[in-house]
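Input: a single structure, listed below in structure tokens.
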Amino acid sequence: MQKIKVGVLGATGSVGQRFIQLLENHPFFTVSHLAASEKSAGQTYGQVMKSRWKISSDIPAYAKDIVITLPKPSETDGVKLVFSGLDSSIAGEVESEYAQAGVIVISNSKNHRMDANVPILSAEVNAEHLDVLSAQNTKGKIITNSNCTIMGVTISLKPLFDQFGLESVMLFSMQAISGAGYPGVPSMDILGNVVPYISGEEEKAEIEPQKCLGRVVDGKIVSADFKISAHCNRVPVFDGHTVCVSAKFKKKPNREEILKAWKEFSGEPQKLQLPFAPEQTILYREEADRPQPRLDLDTGKGMTTVVGRLREDSLLDWKWVVLSHNTIRGAAGAALLNAELMYKKGLIS
Ligand code: NAP
């Protein structure tokens, strides 16, 4: 089988590095185009990343000799799809240029998430949102991931929303420093500290899950109609966002019904046996003090959403804790799963 040529935009950043790691020996895709800013362009990936690689395995050999370019469709050498981990200051415009040039863009940036006809795709949650792509008026199409903080939250809500309906959700995040990109939050601001503000984060957390959980009606995504209130905090954890969630349901489920819904939840990735699909989409930990980033982050190679501490909430109905890997399930891994889904559905020719 001939592999599909793909590119990584923002290949030098936190998310970009994950893409480079996860795309090594991928059965469907082969990387031939890497792009970043002027600071990196013109040098090989190996040269640039010698002092910047932050993942605990070596830089994959396949990437080392690729010369980084600026993110321009004319530099793509025939790639069909690009994964974007570009900074949001530039992502919107650049991703549109690639889509106009006929390249599929799978983005991690906020810029296009709320555009009509652009799905916030989470492969187990809303694979049917791919149906709206035909309404995008460019040859290439743009697909986005949700914000990394609410990726796991939305996955934990999906089976409950489908079975019991949702009225309102409150969430309190404890977000890792790698979520701020590289070099991110200065060490003197975050070590031994908590920062109770992340610019723009609460606004995204309060609208993206409803779009993700929305339905396609007459070819358009109609967002779900429940409210979210979010508190977002940066904590001194390297990788892994932990979120405390409280929810009020239209029809209050009992504990067994919730645990059953989580245990049985799976979607298209599992049905299609996609290479990056976790066997278990949601894993519930019974221990009183789990999930914890240090102990649970690598569950399902970072693709499983780990949930724990389900208990009744004295204000709303139920509360629980969600952990998900921000650069894998919350970014590069989820984007790769979306690309695998599109490939299997014949949307990447
Ligand atoms: P990052 O570490 O700061 O990386 C940003 C990337 O964008 C770098 O490769 C950088 O290249 C490139 N870039 C910046 N300005 C550019 C320009 N003017 N022209 C071309 N390339 C430029 O950020 P990140 O954490 O990987 O995040 C990337 C995107 O994903 C952001 O939109 C972020 O919100 C989103 N996201 C991040 C996470 C996470 O956990 N980190 C999770 C989900 C979504 P140089 O190195 O050459 O400057």
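In listed order, ligands and their atoms are each counted from 1.
Annotation: ligand 1 has protein neighbours Gly10, Ala11, Thr12, Gly13, Ser14, Val15, Ala36, Ser37, Lys39, Ser40, Arg52, Pro71, Gly85, Leu86, Asp87, Ser88, Ile90, Asn108, Ser109, Cys148, Ser178, Gly179, Gly181, Tyr182, Asn326, Thr327, Gly330, Ala331, each with a heavy atom less than 4.0 angstrom from the ligand.
Asp162 pairs by the side-chain hydrogen bond (donor to acceptor under 3.5 Å, both in side chains) definition with Lys158, not counting sequence neighbours. Under the rule for a side-chain hydrogen bond (donor to acceptor under 3.5 Å, both in side chains), Tyr45 has no partner lying at least two apart in sequence or in another chain. Looking at residues two or more places apart in sequence or on another chain, you find no side-chain hydrogen bond (donor to acceptor under 3.5 Å, both in side chains) involving Asp189.
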Exercise for review: Evaluate salt bridge (Lys or Arg N to Asp or Glu O under 4.0 Å) for Glu208 paired with Lys211, printing each intermediate quantity in order.
Suggested key: CA-CA 5 Å; Glu208 291 180 14; Lys211 182 170 179 186; over 6 Å; no
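Val125 is not connected to Leu283 by any chain of hydrophobic side-chain contacts under 4.5 Å among Ile, Leu, Val, Met, Phe, Trp and Tyr, and they are in different clusters.
The backbone N or O of Leu310 sits nowhere less than 3.5 Å from a side-chain atom of Trp318 that would complete a donor-acceptor pair.
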